[in-house]
S.K.: 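Got a structure for you, questions after.
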Amino acid sequence: MVPSRPSSKLYQIKSKKYDEYGARVTSSFDKSVSHVLIDPEWDGSRTLKYLHISAGDIRPEIDKGTIHFVRDSWPSACIENKQLIPESPDYTVQLYSPAPSPETTPEPEVSQKLVQTVISPEKPPKLKKRDISTSSNTSLSPEPDTPKQTAIDDLNPVEASGANTSIENKAEKKAQDGSGNDELDSVIQEAELQEHAARFLSDDEIEHALQTQRKKYSAPYSRPKRTSDGRVLKGNWDTFLCMKAGEDNIAKPDGPNALVINILSLMLHHYEAEGDQWRTLAYRKAIATLKKQTVPVRTAAQAVKLPGIGSRLADKIEEINKTGDLKRLKYTQGEGKFEVLELLKRIYGVGNKTANKWYSEGIRTLDDVRERKDLTANQQTSLDHYEDFAERIPRDNVTKHFERVRDAVHEIDPEIEATAMGSYRRLQPDCGDIDIILTKRNASRHDLTVTLAKLLDVLFEQGFAKYTFGGIEANSMRWLGASAHPDDGNKWRRMDILLVPWEERGAAFIYYTGNDIFNRSMRLLAQKKGYRLNEKGLFLAPHDRKSAGAVGPLVCGEDEEKIFETLGVPNRPPHKRIIG
DNA sequence: TCGCAGCCAGC
DNA sequence: GCTGGC
DNA sequence: GCGA
Ligand SMILES: O=c1ccn([C@H]2C[C@H](O)[C@@H](COP(=O)(O)OP(=O)(O)OP(=O)(O)O)O2)c(=O)[nH]1
Ligand SMILES: [Mg+2]
């Protein structure tokens, strides 16, 4: 397994599973190895370095194809499909880049000669420079260039809800229950245990090597011209999603590109489950672009012109239009897996990792989950009210919840300003949850937290507030919980209350209005222009960049309009900020 | 070749 | 650091 | 996977 991180819980689970299927996970790399299972974030080149493949002795085996380099999702996919999946771009990892792309130069002796033996094209995923690990992070979504919308044309004072999106990273795999053993055995069985980890580089060594290389080979890439305070004045900002007005979304039932969208969505699901966050991101962007089209995109030539669609996706689009299908899809996940994952991920506290892990352990239904004894309190609660939480809330019912909170807080302090945010502010017809901002002129953060604590006391007392998911009541500036309103059938709904210092309300409103994709686009734009945008304000980018906390001087925090203006983004009404 | 939003919480 | 969430 |  590459990388080999025996200390990681995920690693332990995976290797145990492989073991159950008759494979042996080794801690060293030599001729006895039959398969190398590679993390989705790693590419072939990095894998070779990691394995110290310059040791010429195993080269012949690689050449002969007796050692297979595959994605770590391959074993579970084989089991799912109840067959050995042959070399396929979905699972085979290219060790060297094909001619056109030199890749990071391999060691002297391992060079491009082996390239041609590789079958086809899944280009290796990129790795981020600092992060290496076997697993990765959180959730993401698409970004700039491809908007789309959902239209809601009506204007009402307050309301609406929308959709949200989230993406994740990798996943684990393996098999679930019995079936499929023999097949897998037959391939994997020969892998042998070797004893100790001789050949692995430490992360630091790898990183060092990569850096050295980058220095040597990376192109000079011209940094954008900056003013003395670091801002960037020139660039093509029009390609950012947040720049485009939200027109009405045409991709409703089945737009002109429905088939392509559906099939690319399957690819997206595949990569999402596999944990390839950046490909997932790219697919999302491309799909969002396609959804906006009013006419069919038939040829690759047409497609490449669209933002977020490059040559590879363009070819796929053409193939789909010609054949009605995509070869690449043949060996992707088994039927029904995604539905199960979606089911599980609706449980609060269950993300891609956990869902995949459970799936691999045979979990298929909520009842299966209920039998588990390792659920966190949040998971248990959201499971207990699964149906309620899964349902979107009609906006009028959101109004009920909101007014209840607003009125209660006004009993405590009439000067508090309460606003319903999120999809409600975007005027969507239904909402996933109730998002509320509480702010007050001249109030300190402490004042606000005190008020929130009192508010929650009252709401729990009344039986309106039901549960706290997070946001410690103590002095947190946020509360994530559940509420139930009689006019909403007493269904349990998720509620998110944000306390906002008066001076930060402009940035907070932008953040909390969303949608998430709009935010990411706008934050990316800010970054490209030399700023950093977060929920507290627009700042000049910190000189030392990176580091979460560090920010430069505040440019603006309290004025939503000024932030838009500074960034050169049209300040659209909330319902025009629905992207993707 | 490199980044892809930027934070926060719990473990 | 990993995972999950907004 | 895309774009700079
Ligand atoms: O990853 C995220 C998630 C959310 N947000 C912001 C935008 C979003 O509009 C707001 C509220 O989050 P929520 O998850 O409630 O999304 P929503 O837009 O309100 O949609 P939904 O109807 O699903 O609640 O927080 C982000 O910036 N990034
Ligand atoms: Mg919401």
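Because only heavy atoms are used, hydrogens play no part in the values below, and waters and symmetry mates are left out as well, while side chains stay in. In this text, all values refer to a predicted model and were calculated from it rather than measured experimentally. Numbered from 1 within each chain, the chains take letters A, B, ... in sequence-line order.
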S.K.: A/Ile497 near the nucleic acid: base, sugar-phosphate alone, or nothing, with a heavy-atom cut-off under 4.0 Å?
M.R.: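 The answer is nothing, as A/Ile497 stays clear of every strand by at least 4.0 Å.
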S.K.: Could you state the atom-to-atom distance from CZ of A/Phe518 to C1' of B/dA5 in whole Å?
M.R.: 13 Å
S.K.: Can you check the A/Lys345 NZ to C/dG4 P distance for me, whole Å?
M.R.: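 One finds 9 Å between P of C/dG4 and NZ of A/Lys345, rounded.
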S.K.: Is A/Glu560 salt-bridged to A/Arg572, going by a charged N under 4.0 Å from an acidic O?
M.R.: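 Answer for the salt bridge query: no.
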S.K.: Of the nucleotides B/dG6, D/dC2, B/dA5, which one has an atom closest to the side chain of A/Leu524?
M.R.: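 My answer, after comparing the listed nucleotides, is B/dA5.
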S.K.: With a 4.0 Å cut-off on heavy atoms, is A/Leu268 in touch with a base, just the backbone sugar-phosphate, or nothing at all?
M.R.: nothing
S.K.: Taking the minimum atom-to-atom distance to the side chain of A/Tyr348, which one of D/dG1, B/dC7, C/dG5 wins?
M.R.: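 Of all the options, the side chain of A/Tyr348 is nearest to C/dG5.
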S.K.: Taking 4.0 angstrom as the limit, do A/Glu391 and A/Arg493 come out as a salt bridge?
M.R.: yes
S.K.: For DNA chain B, what string of dots and brackets results from 5' to 3' when Watson-Crick and G-U pairs need both distances under 3.5 Å, crossing pairs get [ ], and pairs with another strand get |?
M.R.: ||||.||||||
S.K.: Rounded to whole angstrom units, what separation is found between the CZ atom of A/Phe469 and the P atom of C/dT3?
M.R.: 22 Å
S.K.: Can you check whether A/Arg532 has a side-chain N or O nearer than 4.0 Å to OP1 or OP2 of B/dC7?
M.R.: yes
S.K.: A/Gln527 side chain N/O closer than 4.0 Å to the phosphate oxygens (OP1, OP2) of B/dG3?
M.R.: no
S.K.: Measure the CZ-CD1 distance between A/Arg284 and A/Ile579 for me, rounded to the nearest 0.5 Å.
M.R.: 14.0 Å
S.K.: I want to verify a distance call: between D/dG1, B/dC7, C/dC6, whose nearest atom is closest to the A/Tyr512 side chain?
M.R.: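 Side chain of A/Tyr512 sits closest to C/dC6.
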S.K.: Check side-chain contact (heavy atoms from CB on, under 4.5 Å) between A/Glu319 and all other residues, then give those that pass, not counting sequence neighbours.
M.R.: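 Counting only residues at least two positions away or on another chain, A/Glu319 forms a side-chain contact (heavy atoms from CB on, under 4.5 Å) with A/Thr323, A/Leu326, A/Lys327.
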S.K.: Nearest of B/dC7, D/dG1, B/dC4 to any side-chain atom of A/Lys316?
M.R.: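 Nearest to the side-chain atoms of A/Lys316, counting from C-beta on, is D/dG1.
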S.K.: Check every atom of C/dC6, C/dG4, D/dG1 against the side chain of A/Asp496 and return the nucleotide holding the closest atom.
M.R.: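 Ranking C/dC6, C/dG4, D/dG1 by closest atom to the A/Asp496 side chain puts C/dC6 first.
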S.K.: Restricting to side-chain hydrogen bond (donor to acceptor under 3.5 Å, both in side chains), what partner residues turn up for A/Ser382, sequence neighbours left out?
M.R.: none
S.K.: Among the candidates D/dG1, C/dG5, B/dG3, find the nucleotide nearest to the side-chain atoms of A/Arg494.
M.R.: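 Closest of the options to the side chain of A/Arg494: C/dG5.
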S.K.: Under the salt bridge (charged side-chain N to carboxylate O under 4.0 Å, His left out) rule, collect the residues that match up with A/Glu342, sequence neighbours excluded.
M.R.: A/Lys345
S.K.: Does A/Glu361 pair with A/Arg372 as a salt bridge, N-O distance under 4.0 Å?
M.R.: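 A salt bridge is present here (some side-chain N lies under 4.0 Å from a carboxylate O).
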S.K.: Which value, in whole Å, describes the distance between the P atoms of nucleotides D/dG3 and B/dA5?
M.R.: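 Straight-line distance between the two P atoms is 15 Å.
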S.K.: Just the rounded figure in Å: distance from P of C/dG4 to CG of A/Leu383.
M.R.: 16 Å
S.K.: Are B/dC4 and A/Trp278 stacked, with the base six-membered ring and the side-chain ring centres under 5.5 Å apart and planes under 30°?
M.R.: yes
S.K.: Going by modelled atom types, is there a donor-acceptor pair between the base of C/dC6 and the side chain of A/Tyr511 at under 3.5 Å?
M.R.: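 Side chain to base: pair found, below 3.5 Å.
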S.K.: Indicate, with a heavy-atom threshold strictly under 4.0 Å, whether A/Leu533 touches base, sugar-phosphate, or nothing.
M.R.: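 Since only primed, P, OP1 and OP2 atoms lie under 4.0 Å of A/Leu533, the category is sugar-phosphate.
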S.K.: Would you kindly give the CG-to-P distance between A/Asp433 and C/dG4, to the nearest whole Å?
M.R.: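 Result: 19 Å.
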S.K.: Could you work out, with ring pair (Phe, Tyr, Trp, His ring centres under 6.0 Å) as the rule, every residue matching A/Tyr283, not counting sequence neighbours?
M.R.: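 Counting only residues at least two positions away or on another chain, A/Tyr283 forms a ring pair (Phe, Tyr, Trp, His ring centres under 6.0 Å) with A/Tyr271.
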S.K.: Considering only B/dC4, C/dT3, D/dG1, which nucleotide approaches the side chain of A/Lys353 most closely?
M.R.: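 Closest nucleotide among those given: C/dT3.
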S.K.: With sequence neighbours left out, write down each residue that passes side-chain hydrogen bond (donor to acceptor under 3.5 Å, both in side chains) with A/Glu558, or none if nothing qualifies.
M.R.: A/Arg505
S.K.: Expressed in angstrom and rounded to an integer, what is the separation of A/Gln379 atom CD from B/dG10 atom C1'?
M.R.: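 Distance, rounded to whole Å: 12 Å.
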S.K.: Under 4.0 Å between any heavy atoms, over every strand shown, what does A/Asn519 touch: base, sugar-phosphate, or nothing? Just pick one.
M.R.: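 No contact.
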S.K.: By nearest atom, which of the nucleotides C/dT3, C/dC6, B/dG6 is closest to the A/Thr354 side chain?
M.R.: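 Shortest atom-to-atom distance from the side chain points to C/dT3.
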S.K.: For the base of B/dG6, is there a side-chain donor-acceptor partner from A/Arg523 under 3.5 Å away?
M.R.: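 Indeed, a donor on one side and an acceptor on the other fall under 3.5 Å apart.
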S.K.: Could you give the NZ-to-C1' distance, from A/Lys528 to D/dG3, as a whole number of Å?
M.R.: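 Spelled out: NZ on A/Lys528 to C1' on D/dG3 is 9 Å.
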S.K.: Distance check needed: C/dG5 C1' versus A/Asn352 CG, whole Å only.
M.R.: 14 Å
